[in-house]
Every structure is written in C-alpha cells, then in structure tokens.
Amino acid sequence: MANIVNAIWRKAIKDVDIKGYLIPKDWCVVASLTSVHLDDINYENPLEFDPWRWEKIGSGSRNNCFTPFGGGQRLCPGIELSRLELSIFLHHLVTTYRWAAEKDEIIYFPTVKMKRKLPINVTKINT
Ligand code: HEM
C-alpha cells in the first residue's frame, strides 16, 4: 500500500497533549501517512499489490486508515478531481494498450518516485 505523499508536516502553535504525549508549542511534527498504509493492523498483507482488497473492505476512503490525500481540515481539495482523472486515464490505458516496464528502482524519500521515472514501452491493442 504505497503512498505518493509519504508524510505531512505540522507545527504545534500551542502545547498539545495526545494520549499522554506532550507536543510542546513550536515543535514540528511529521505525520507519516506511509506508516498508516503499511501497518498490518490496518491492512492485511500491506506490502502486497492486491487491488482486490477493496472489494473485501470497501473503498475506505473516508476513514483514518486511508490517507493518500491527507485528512481532517487540510484534506486535499483535489481528491475528487484526481480520482476522476485517474479513473479515466486507467480505463483508457488498460482497455486500449499493453505496456512493459523497464527496470527501475523506487526512491522513498522525500517523496515516493522512480529513479528513472519508470520508462514503459507501450503498444496499442489491435481490436
Ligand atoms: C493524485 C493526486 C494528488 C495527491 C496524492 C494529493 C495529495 C495531497 C495531500 C496528502 C495533501 C495534504 C497536505 C497536508 O495535509 O499538509 C494535499 C493538499 C492539497 N492538495 Fe492535493 N493531491 C493530489 C491532487 C491535487 C489536485 C489535482 C489539486 C488541485 C486541483 C490539489 C490541491 C491541493 C491543495 C490546494 C492542498 C492544500 C490543502 C490545504 O492545505 O488546506 N491536489 N494534497
């Protein structure tokens, strides 16, 4: 369960107590969104690519365990636009083309990306 935005930063503007832990005023906090997605308390086999998991557990887009677009007051306002764009793109990609990825490596920090930008060779399906 990868996450493109792997963490978000916050600064405490006053002393904050969370479950007995004090975050002093002016301290910076990093909320690790990736940790939420890779925690096997939240997701079975989180390291496995398993698109069918959503069939079992529902889209889960409105709970605290699914955080690709952040959450709370600063939830990404582009969430619905991005989902629509991605759905249209993926639909056309899988129904019209086949592709083979070249060898590449994942870089996890500061954001998730591919070292060589994941070159792929695309061929059109003959219909
Ligand atoms: C797959 C695409 C996208 C991903 C993964 C993504 C992810 C995120 C995340 C995680 C945040 C929260 C940042 C934080 O809490 O500090 C955020 C905020 C934001 N996103 Fe996106 N985003 C995407 C697309 C878009 C698009 C298409 C737009 C605009 C058309 C957009 C506009 C914004 C804005 C303005 C914020 C700041 C919201 C605020 O601070 O109140 N995003 N995004």
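For ligands, and for the atoms within them, numbers begin at 1 and follow the listed sequence. The figures here come from the full heavy-atom set of this structure, side chains too, leaving out hydrogens, waters and symmetry mates.
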Original post:
How far apart are the C-alpha atoms of Trp99 and Leu93, what are their side-chain angles, what is the distance that settles it, and do they pass the side-chain contact (heavy atoms from CB on, under 4.5 Å) test?
Top reply: CA-CA 9 Å; Trp99 64 95; Leu93 183 68; 3.8 Å; yes
Do any side-chain atoms of residues 22-39 form donor-acceptor pairs under 3.5 angstrom with protein atoms, and if so which ones, sequence neighbours left out?
| residue | atom | partner | partner atom | Å |
| --- | --- | --- | --- | --- |
| Ser32 | OG | Ser35 | N | 3.1 |
| Ser32 | OG | Ser35 | OG | 2.5 |
| Thr34 | OG1 | Asn6 | O | 3.4 |
| His37 | NE2 | Thr67 | N | 2.8 |
| His37 | NE2 | Thr67 | OG1 | 3.3 |
| Asp39 | OD1 | Ile41 | N | 2.8 |

**OP:** Measure distances from atom 21 (Fe) of ligand 1 and count the protein N, O or S atoms below 2.8 Å.
**Re:** 1
Original post:
About how many Å separate CZ of Phe69 and CD of Glu80, when rounded to the nearest 0.5 Å?
Top reply: 8.5 Å
**OP:** Scan for salt bridge (Lys or Arg N to Asp or Glu O under 4.0 Å) pairs involving residues 2-20, sequence neighbours excluded, and state none if there are none.
**Re:** none
Original post:
What is the nearest protein non-hydrogen atom to atom 12 (C) of ligand 1, stated with its residue, atom name and distance?
Top reply: Arg74 O, 3.7 Å
**OP:** Please report which non-hydrogen protein atom sits nearest to atom 13 (C) of ligand 1, along with the residue it belongs to and the distance in Å to one decimal place.
**Re:** Ile8 CG2, 3.8 Å
Original post:
How about Ile13: does its CD1 atom have over 12 heavy atoms from other parts shown lying under 6.0 Å from it?
Top reply: no
Original post:
With sequence neighbours left out, which residue pairs that include part of residues 85-108 fulfil the salt bridge (Lys or Arg N to Asp or Glu O under 4.0 Å) condition?
Top reply: Glu102-Arg116
Original post:
With side chains defined as the heavy atoms from C-beta onward, is the minimum distance between Tyr43 and Asn45 less than 4.5 Å?
Top reply: no
Original post:
What are the atoms of ligand 1, with element, lying closer than 4.0 Å to any heavy atom of Arg10?
Top reply: 14 (C), 15 (O), 16 (O)
**OP:** Could you tell me the residue and atom name of the protein heavy atom closest to atom 30 (C) of ligand 1, and the distance to it rounded to 0.1 Å?
**Re:** Leu81 CD2, 3.9 Å
**OP:** List every atom of ligand 1 that sits less than 4.0 Å from any heavy atom of Pro68, numbering the atoms from 1 in the order shown and giving each element.
**Re:** 5 (C), 7 (C), 10 (C)
Original post:
Does atom CH2 of Trp9 have more than 12 heavy-atom neighbours, drawn from other residues, nucleotides or ligands, at distances under 6.0 Å?
Top reply: no
